[in-house]
Amino acid sequence: MKNTILYIVLLLGLSSCEKFLTEKAAASFTADFVYNTPDGLEAAVVGLYNIQRSFWENMANNGSNPIVIDAKDDLTLPRGGEISNYGRMIQGTTPENSYVHSDYWKLYYRIMDRANAIIESAEKLQGMSQERKNKVLGEAKFFRANSVFTLFRLFNNIYITTEPTRPDNVAKVITNKSSEADIYALVIADLNDAIQKLDYKTSEPGRITQGMARHLRAEVALWQKDWKEAKFQAEAVINSGAHSLLSSTGLVFKGDLNHSETLWALQFKVLVNGGPNKINFNLMPNYAELMPGSKYTVEQGGRGFGWLTMNNYLRDLLNEDPNDTRIKGSYYIQDYVYNDPATLPAGKVIGEKIVHDTWKEFAPLAADRNAFFIRLNAGCKKYFPDDGNPTVDTQTKNIMMARLAETYLFAAEANLMLGNTGEALAQLNAVRKRAGVKERTTITLQDILDEQARELAFEGRRWYMLKRTGKLYEYIVDHAGYGKRGDLSAENSPGHANTPEDPFPFRSEARTRMRPHMVNWAIPLAEMNLLGKSYPQNDGY
C-alpha cells in the first residue's frame with residue numbers, strides 16, 4: 001500500500017472522549033507510546049472504531065457514500081441526487097467513473113494497515129496482562145478480518161498483507177492480487193482467534209464481542225458453502241444467552257440501539273462522539289414540503305428528499321401480509337398522515353392518510369408520478385433518532401452494523417442446505433413471528449431471500465447476499481428501480497397500463513446497464529494507478 005508512513009497516520013482519527021471508548025487526546029500520543037505500552041495499544045484499537053465511524057460522517061455526495069451499496073441492490077428506487085448515479089449505473093461501471101468505490105477501498109485498507117501494526121506490536125509487547133492483550137488482539141483481528149472480507153466481497157481482486165507500513169516498505173509496489181485461498185485463510189484465522197479471545201459481554205457498548213466475531217465467521221462459512229460451520233457459528237450466537245430478538249420491530253431501532261439484538265452498533269453522541277450524517281435525508285421522502293396539513297415529525301421519520309427510497313418490489317414483499325409491522329412505521333413507513341391543524345385543508349381530518357389530488361403513483365402525467373416518488377413514496381426510518389430534530393437534514397444516531405435477526409437467517413439458510421428443514425423453519429419463523437406475519441410451513445432459499453429483503457433492507461446487507469447466492473445479476477435485471485418485474489423498457493415509455501400490475505418504469509436503468517461482470521466492483525483508476533502495472537483489474541473492466 002502506498003500510504004503515508006504509519007507512524008504519522010496512526011495518530012490521526014483518535015479523538016473521542018465518550019466513556020465506552022475512553023482515550024487520550026491525539027496530540028498527546030507518540031509512536032513509542034502507541035506501540036510500546038498497553039494504554040497506547042488500547043487507544044490505537046479505539047482508533048479503528050473511529051476510522052470505521054468516519055465513513056458515516058463523510059458529507060461528500062450529500063452524505064450518501066455509506067449507502068451506495070444499498071443503491072446498487074434490487075430493493076431501492078434511486079430517484080435522484082448523488083446516490084442515484086450509482087443506483088442507476090451512471091457511475092460505478094468503469095474504473096474511470098467509480099469515484100465512491102475509492103472511499104470503500106481506502107477505508108478498509110486503512111483499517112487493515114492499522115490493525116496490522118496493532119497486532120504486530122501487541123504480540124511482541126512484554127509486561128502486558130494476558131487479559132488486556134487478548135482484548136486488543138481480539139478486536140484488532142476482527143477489524144482486519146472484516147476489512148479483508150469486505151474488500152474481497154466488493155472488489156474480488158485484492159491484495160492482503162499482515163505487515164504494517166514502515167519506512168522500509170512504504171515505497172513497495174504491489175504487482176499482483178492475493179489468492180482466494182490466502183484471503184480466506186487470513187480471515188478465518190483472525191476470526192477464530194477473535195472468537196477465542198473475546199467475551200460475549202462488554203461493559204462498553206459499541207465494542208466488538210465474541211457474538212459479532214461468530215456472526216461474521218458464520219457469514220464467511222456461507223460464502224464458502226461450509227454449511228456445518230455456518231450452522232455451528234450462527235447457532236452459537238443464538239444460543240449464547242447474550243443475545244435475543246427484541247419482542248417487537250418497533251423496538252429494534254429505538255434509542256441508542258445498545259440492546260440484546262445488537263451485535264455491533266457504531267456509537268455516535270451529539271457534541272461528544274462522532275458527527276452527524278445525512279442518511280435519513282437520503283432515505284426519507286419529503287412528505288411535508290408543499291403539503292398543507294402536514295409537518296415533519298419524529299413519528300413520520302423527519303425530513304428527507306427521497307433520493308433513495310423503497311421500490312415497488314420491496315414494498316410488495318412487505319405488503320404480502322397485512323399484519324407486517326415493519327412497514328407500519330417501525331422500520332419503514334408508507335402512509336403519511338395529516339398532522340398540522342394550522343394548515344389543514346378543508347375536508348381533511350387530523351390522522352387521515354395523505355392522498356394528494358394529483359401526486360399519485362399511477363397519475364396520468366409523468367410529472368405527477370415523479371412528485372409522488374419525491375413526496376409520498378415509502379421510506380426507511382432506520383436512521384432517524386428518537387430525539388432528532390425532524391425539520392433538519394442531518395441527524396446523529398448510532399448505526400446498526402449487525403444484528404441477531406440476520407444471524408437467525410444465516411442459521412436458517414445453513415440448516416436448509418443441510419436438510420434440517422424443521423430447524424430452518426423455526427429460525428425463519430422467529431424473524432417472521434416478531435414482525436407479526438403468518439409463520440411459514442415450508443421453506444426454500446427464496447423464502448429466506450424474501451425475508452432478508454423485508455427485514456434488512458437499507459442496512460447494507462442485500463447486495464452481499466445476492467452476490468453470495470449467485471442471484472445478483474438476475475435480481476438487478478428483474479427488480480432494480482421501479483417497474484414490472486423484468487421490464488426493460490425506458491422510463492415512462494408508452495405501452496403500459498399504468499396499474500400496480502403494469503406500471504410505467506421509473507429510474508430502472510440499472511436493469512439494462514447491468515452486466516454479469518459487475519458483480520465485482522471496478523477497482524477505481526486512482527487506486528490502480530498506485531498499484532503495479534501488472535496488477536489485474538477485475539474481468540470485464
Side-chain angles (χ1 to χ4, degrees), residues 20-21 35 38-49 52 108 111-150 152 160-164 181-224 226-244 260 262-265 401-404 406-407 410-411 414:
F20 51 80
L21 294 177
Y35 291 127
D39 287 348
L41 286 172
E42 288 171 345
V45 169
V46 172
L48 299 178
Y49 291 91
Q52 187 75 64
Y108 288 106
I111 293 174
M112 186 198 309
D113 189 55
R114 295 195 186 188
N116 285 342
I118 293 167
I119 292 165
E120 181 180 85
S121 298
E123 289 177 339
K124 293 178 180 178
L125 185 63
Q126 300 296 314
M128 186 177 188
S129 74
Q130 195 60 49
E131 181 180 0
R132 294 179 76 180
K133 182 174 288 193
N134 282 348
K135 195 168 188 300
V136 165
L137 285 171
E139 292 180 69
K141 288 193 173 186
F142 170 85
F143 271 102
R144 183 167 68 183
N146 186 59
S147 296
V148 170
F149 190 47
T150 301
F152 174 62
I160 57 171
T161 179
T162 58
E163 183 181 40
D182 286 346
I183 292 167
Y184 274 119
L186 177 60
V187 170
I188 291 170
D190 275 353
L191 289 176
N192 287 347
D193 204 24
I195 289 166
Q196 291 300 313
K197 287 179 164 59
L198 296 175
D199 295 326
Y200 273 106
K201 296 289 188 179
T202 176
S203 60
E204 301 173 292
R207 290 281 193 178
I208 298 301
T209 65
Q210 185 181 143
M212 182 62 221
R214 286 190 183 276
H215 175 86
L216 185 58
R217 182 67 185 89
E219 186 175 7
V220 172
L222 290 174
W223 277 76
Q224 294 183 299
D226 184 349
W227 313 122
K228 288 183 179 180
E229 182 69 19
K231 169 184 169 67
F232 172 77
Q233 295 293 352
E235 291 183 349
V237 181
I238 292 168
N239 298 325
S240 67
H243 297 284
S244 59
S260 66
T262 303
L263 300 176
W264 181 21
M401 299 292 283
R403 57 191 179 93
L404 192 66
E406 184 177 38
T407 320
F410 284 171

Got a salt bridge between Glu139 and Lys135, using NZ or NE/NH1/NH2 to carboxylate O under 4.0 Å?
-> yes
Please examine the side chains of Gln130 and Asn134, heavy atoms only from C-beta on, and report whether any two atoms are closer than 4.5 Å.
-> yes
Considering all heavy atoms of both residues, which atom of Ala122 and which atom of Val136 are nearest to each other, and what is their separation?
-> CB-CG1, 4.0 Å
Show your reasoning for whether side-chain contact (heavy atoms from CB on, under 4.5 Å) applies to His243 and Ile238.
-> CA-CA 7 Å; His243 297 284; Ile238 292 168; over 6 Å; no
Could I get the full list of side chain to side chain contact (heavy atoms under 4.5 Å, CB included) partners for Ala230, not counting sequence neighbours?
-> Ala221, Leu222, Ala414
On the 0 to 90° scale, with breaks at 30° and 60°, tag the Phe149-Tyr184 ring pair as parallel, tilted or perpendicular.
-> tilted
Closest approach of Leu41 and Ser121, non-hydrogen atoms and distance?
-> CD2-CB, 3.8 Å
Taking every heavy atom of Ala218 against every heavy atom of Ala234, the minimum-distance pair comes out as CB-N, 3.9 Å
Taking the side chain as every heavy atom from C-beta outward, state whether Gln52 and Tyr108 have any pair of such atoms under 4.5 Å apart.
-> yes
Looking at CD1 of Ile111 and CG of Leu48, how far apart are the two atoms once the value is rounded to the nearest 0.5 Å?
-> 7.0 Å
Glu229 vs Arg217, side-chain contact (heavy atoms from CB on, under 4.5 Å): CA-CA, chis, key distance, verdict = CA-CA 8 Å; Glu229 182 69 19; Arg217 182 67 185 89; 3.6 Å; yes
Note: Glu235-Arg214 ion pair, threshold 4.0 Å (strictly below) | no
Please examine the side chains of Ile119 and Arg144, heavy atoms only from C-beta on, and report whether any two atoms are closer than 4.5 Å.
-> yes
Val45 versus Arg207: any side-chain heavy-atom pair under 4.5 Å?
-> yes
Have Thr209 and Thr202 got a donor and an acceptor in their side chains that come within less than 3.5 Å?
-> no
Measure the spacing between CH2 of Trp227 and CZ of Phe410 and express it to the nearest 0.5 Å.
-> 11.5 Å
Nearest heavy-atom contact between Ala115 and Ala140 is CB-O, 3.6 Å
Test Ile195 against Gln233 for side-chain contact (heavy atoms from CB on, under 4.5 Å), laying out the working first.
-> CA-CA 10 Å; Ile195 289 166; Gln233 295 293 352; 3.8 Å; yes
Glu123 atom CD, over 12 foreign heavy atoms within 6.0 Å | yes
Go through the steps to decide whether Ile188 and Gln224 satisfy the test side-chain contact (heavy atoms from CB on, under 4.5 Å), and finish with yes or no.
-> CA-CA 11 Å; Ile188 291 170; Gln224 294 183 299; 3.4 Å; yes
Does a side-chain heavy-atom distance below 4.5 Å link Lys133 with Leu137?
-> yes
In terms of heavy-atom contacts, Pro205 and Ser203 come closest through CD-O, 3.5 Å
Hey, does Val148 have a side-chain heavy atom less than 4.5 Å from the side chain of Asp190?
-> no
Minimum side-chain heavy-atom gap Ile118-Phe143 below 4.5 Å | no
Look up atom CE in Met212 and atom CG in Asn146, then write down how far apart they are to the nearest 0.5 Å.
-> 6.0 Å
